[in-house]
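Treat the numbers as computed from the prediction; the structure is a model and nothing was measured. Just so you know, ligand 1 is whichever comes first in the structure, and atom 1 is the first atom listed for that ligand.
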Amino acid sequence: EKGGHDYFMLKEIAEQPQAIADTLLGRLSERGEIVLDEVRLTDQDLRDVDKIFIVACGTSYHAGMVAKYAIEHWVRIPCEVELASEFRYRDPILDRSTLVVAISQSGESMDTLMALRHAKEQKARVLAICNTNGSTIPRESDAVLYTHGGPEIAVASTKAFLTQLVACYLIGLHLAQIRGVMYADEVSAVVEKLQQTPDSLRTLLGRMEEVRELARDLKTASTVLFIGRHVGYPVALEGALKLKELAYMHAEGFAAGELKHGPIALIDEGTPVVCVVPSPAGRGVMRDKVVSNIQEVRARGARTIVIAEEGDEDVRAFADHLIPVPATPTLLAPLMTTVPLQVLACEIAAARGHDVDQPRNLAKSVTVE
Ligand code: M6R
């Protein structure tokens, strides 16, 4: 049942290329338009949207954080991301022209469900991104885009996360197109890049041996820090969350630029710091900033584990361990950069002798508030 893998988590990590391909399947019409399923909102409703809130928990919240970058860049509508458990208690300003996007693998997270009920009471439109057909969250939403990740058994979310990213990208592109901010050919150019990600991911998954070795090395670390910028920031948070939940180790993710405002004081001789480096193409400025952050932590004794685009040879000088990932456009890069972090957490947990698929104190779907 684990398809030859030691854990469901490893099986599900390996299934990610297929899960992405399945989630993309049939989404692009012959006219180059994005086709969403069960979207009981008219194009006019979507054109009237003037603000987007994304609500979710845990890993799904990290997918929402990535989505904000893509949606604001493509659609040019303000988009906020909020932890579902915090959303309704601060009395958010919502009305008919607000679109609330609820992201949930299980479709049963109580925090997310309560956030969406609150949004509906305030007359906002609710669109769910969900991996579980017929679950409560999609049933109570005005529209739903299903991720076709297939069942996820391991408590730690992996393929659900990547397919949630794909769903968010599709929603962003769809909104941009129907609102006239992007032309059909611009949309299909991005979709084409998305369609290339399963192959790139297969290549990446074929090279995880080094990450496994590294995991054996890091299993006794007392803390592991993760830094990233732009979409690499939620990836850093996700890497840290995986390590906490599976390896029961102290781990924290930071926006790389925030280091100097406090967290850099944590760096000691040998502290492992995982650095997610943006692509040198396009926004090279961002990449250079992260590289100087890497130099800063290294100067203070950090052991740097650098995830960077293959071909970015200059980073090698600052990396104690370099994990190259296939080139991908900046906004889509989390589809690559997250994967070594999933493998790292899984392998560290296994090396520490933990139950990878069923970590202590956690449940696959959290149906209490
Ligand atoms: O089913 P959901 O996507 O609503 O679940 C949200 C979180 O409980 C979930 O992502 C959790 O953080 C995972 N265990 C992370 O691996």
Student: Looking at Y248, I'd like to know if the NZ or CZ of R360 sits under 6.0 Å from its six-membered ring centre while staying within 45 degrees of the ring's axis.
Tutor: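 Satisfied, under 6.0 Å and within 45°.
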Student: Using non-hydrogen atoms of the residue, decide whether S365 is closer than 4.0 angstrom to ligand 1.
Tutor: no
Student: What do you reckon, does V155 put a non-hydrogen atom under 4.0 Å from ligand 1?
Tutor: yes
Student: Does either side chain, that of T223 or that of E252, offer a donor lying less than 3.5 Å from an acceptor on the other one?
Tutor: no
Student: Using a strict 4.0 Å cut-off to heavy atoms of S60, name the atoms of ligand 1 that fall inside it.
Tutor: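 Numbered from 1, ligand 1 contributes 2 (P), 3 (O), 10 (O).
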Student: What protein heavy atom sits nearest atom 1 (O) of ligand 1, and how far off is it?
Tutor: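 So the nearest neighbour among protein heavy atoms is S106 OG, 2.7 Å.
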Student: NE2 of H62 to CZ of F161: how many Å apart, nearest 0.5 Å?
Tutor: 8.0 Å
Student: Under 4.0 Å between a Lys/Arg side-chain N and an Asp/Glu carboxylate O for E15 and K11?
Tutor: yes
Student: Given that the side chain starts at C-beta and the backbone is N, CA, C, O, which of these parts of K364 lies under 4.0 Å from ligand 1, counting heavy atoms, or is it both or neither?
Tutor: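 No part of K364 is near ligand 1 at this cut-off.
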Student: Check the surroundings of atom NZ in K123: do more than 12 heavy atoms from other residues, nucleotides or ligands lie under 6.0 Å from it?
Tutor: no
Student: Identify, for atom 8 (O) of ligand 1, the protein heavy atom at the shortest distance, and state residue, atom and that distance.
Tutor: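 Looking only at protein heavy atoms, the one closest to atom 8 (O) of ligand 1 is V366 CG2, 4.2 Å.
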Student: Under 4.0 Å, counting heavy atoms only: does E108 come that close to any atom of ligand 1?
Tutor: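 No, that is not the case, since the closest heavy atom of the residue is not under 4.0 Å from the ligand.
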Student: Under 3.5 Å, is there a donor-acceptor pair between the E12 and T158 side chains?
Tutor: no
Student: Please work out which of I103, L113, T59, D111 has its closest non-hydrogen atom nearest to atom 9 (C) of ligand 1.
Tutor: T59
